[in-house]
Amino acid sequence: MRKRFWILPVLLFGTALSVLAADTVLTWPDNGEGAVLRFTLGKLRQVNSVSGQTDYLGEAVAENLGAKAIPSASFYLYLLDKNGNRVGEGYLEITNLPGGQKAKIPVSAHAMGSFARMELKPQHLPSDEPMKIKMSITSVPPGASVMVDSQPSGVTPQILPVAPGKHTLDFSKEGYTPASTPLEIAENAMPGSLQIELSPLTLDTVVLRDGTVLLGSVISVTSTSVAVNVKGKATRLERTRVARVVFGTRNQAAASSSPSRGKK
């Protein structure tokens, strides 16, 4: 009786190992026609087991079977028993996988019992969106606001993912002349960089509290008002309306020596 008692667990354990050790190949879609992705999952190793739940870690090779790059895609990995019941799940994710290329990705999963096979369930499917290229965007001086195709895109320096095609980048920084530059990105291009140098403004900048920006020549700044000449027309503003004044390069020396003018 003791001999039979010990042989049975050994046989069952050997069966579980054979399931985990065999490579599993999954495709999406799984109908055998027009497959876009192929995942080859290697051996899953058990890393933890608590209260009936077993955790596994492993590695898979993701292969893009198409010609177009896949910017991103993610799938649930369902673990099924021999009757097709789900006893656990994992997660697979790929990003920026060029057409015809392979990439290794980590696999983590957990199960509440023995599983006999695996199945993919899409979470986020690849779309026709082209793979974006990472561009290092810098300016001299740094701290310039960036707009890509009229959309706010942060402040320099930074790494921006830019889709292939023709784009326009606009740069602005208080006290400097705004600048614009075209940018063309080819499909499957390598990461690149772009740097632009901003020229200091010769005109003074008056920023109002409502967001209005006036460019001209500041005549005077007092505790109650700011006088500025804009396109030959003198304008006096109540000090409470003014958020700040930035002097252009030609007036900075005069501003530093005059008690009635200053940056606020």
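Note that the structure is predicted; figures quoted are calculated from it, not measured.
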What about [X] and [Y], same hydrophobic cluster or not, with Ile/Leu/Val/Met/Phe/Trp/Tyr joined at side-chain heavy-atom distances under 4.5 Å?
X: Ile94; Y: Val36; value: yes
X: Leu214; Y: Val242; value: yes
X: Leu208; Y: Val221; value: yes
X: Leu183; Y: Ile196; value: yes
X: Tyr176; Y: Leu169; value: yes

Answer yes or no: is there a donor N or O on one side and an acceptor on the other, between the side chain of [X] and the main chain of [Y], under 3.5 Å?
X: Thr156; Y: Ile137; value: no
X: Thr138; Y: Pro157; value: no
X: Arg209; Y: Thr240; value: yes
X: Glu174; Y: Ala144; value: no

So CG of Leu41 and CG of Leu77: to nearest 0.5 Å the spacing works out to 6.0 Å
Non-hydrogen atoms of [X] and [Y] that approach each other most closely:
X: Asn229; Y: Lys233; value: OD1-N, 3.2 Å
X: Gly42; Y: Asp23; value: CA-OD1, 3.4 Å
X: Val87; Y: Gly113; value: CG2-O, 4.1 Å
X: Val107; Y: Ala60; value: CG2-CB, 3.6 Å
X: His124; Y: Ser72; value: NE2-OG, 3.0 Å
X: Val218; Y: Asp204; value: N-OD2, 2.7 Å

- Query: Is the number of heavy atoms from other residues, nucleotides or ligands within 6.0 Å of OH (Tyr78) greater than 12?
  - Reply: yes
Review point. Hey, do the aromatic rings of Phe75 and Phe39 have their centres closer than 6.0 Å?
Key: yes
Under the side chain to side chain donor-acceptor pair (under 3.5 Å) criterion, do Arg239 and Thr224 qualify, and how do the steps go?
CA-CA 5 Å; Arg239 188 62 181 269; Thr224 58; over 6 Å; no
Under the salt bridge (charged side-chain N to carboxylate O under 4.0 Å, His left out) definition, can you give me all pairs with a residue in [range], not counting sequence neighbours?
range: residues 141-170; result: none
range: residues 78-91; result: Arg86-Glu89
range: residues 49-63; result: Arg38-Glu63

Can you confirm whether [X] sits close enough to [Y] that some side-chain heavy atom of one is under 4.5 Å from a side-chain heavy atom of the other?
X: Val213; Y: Thr205; result: yes
X: Ser225; Y: Glu238; result: no
X: Trp28; Y: Pro122; result: yes
X: Pro178; Y: Phe171; result: no

Verdict with supporting geometry, Tyr56 and Gln46, side chain to side chain donor-acceptor pair (under 3.5 Å):
CA-CA 5 Å; Tyr56 301 95; Gln46 179 178 326; 4.9 Å; no
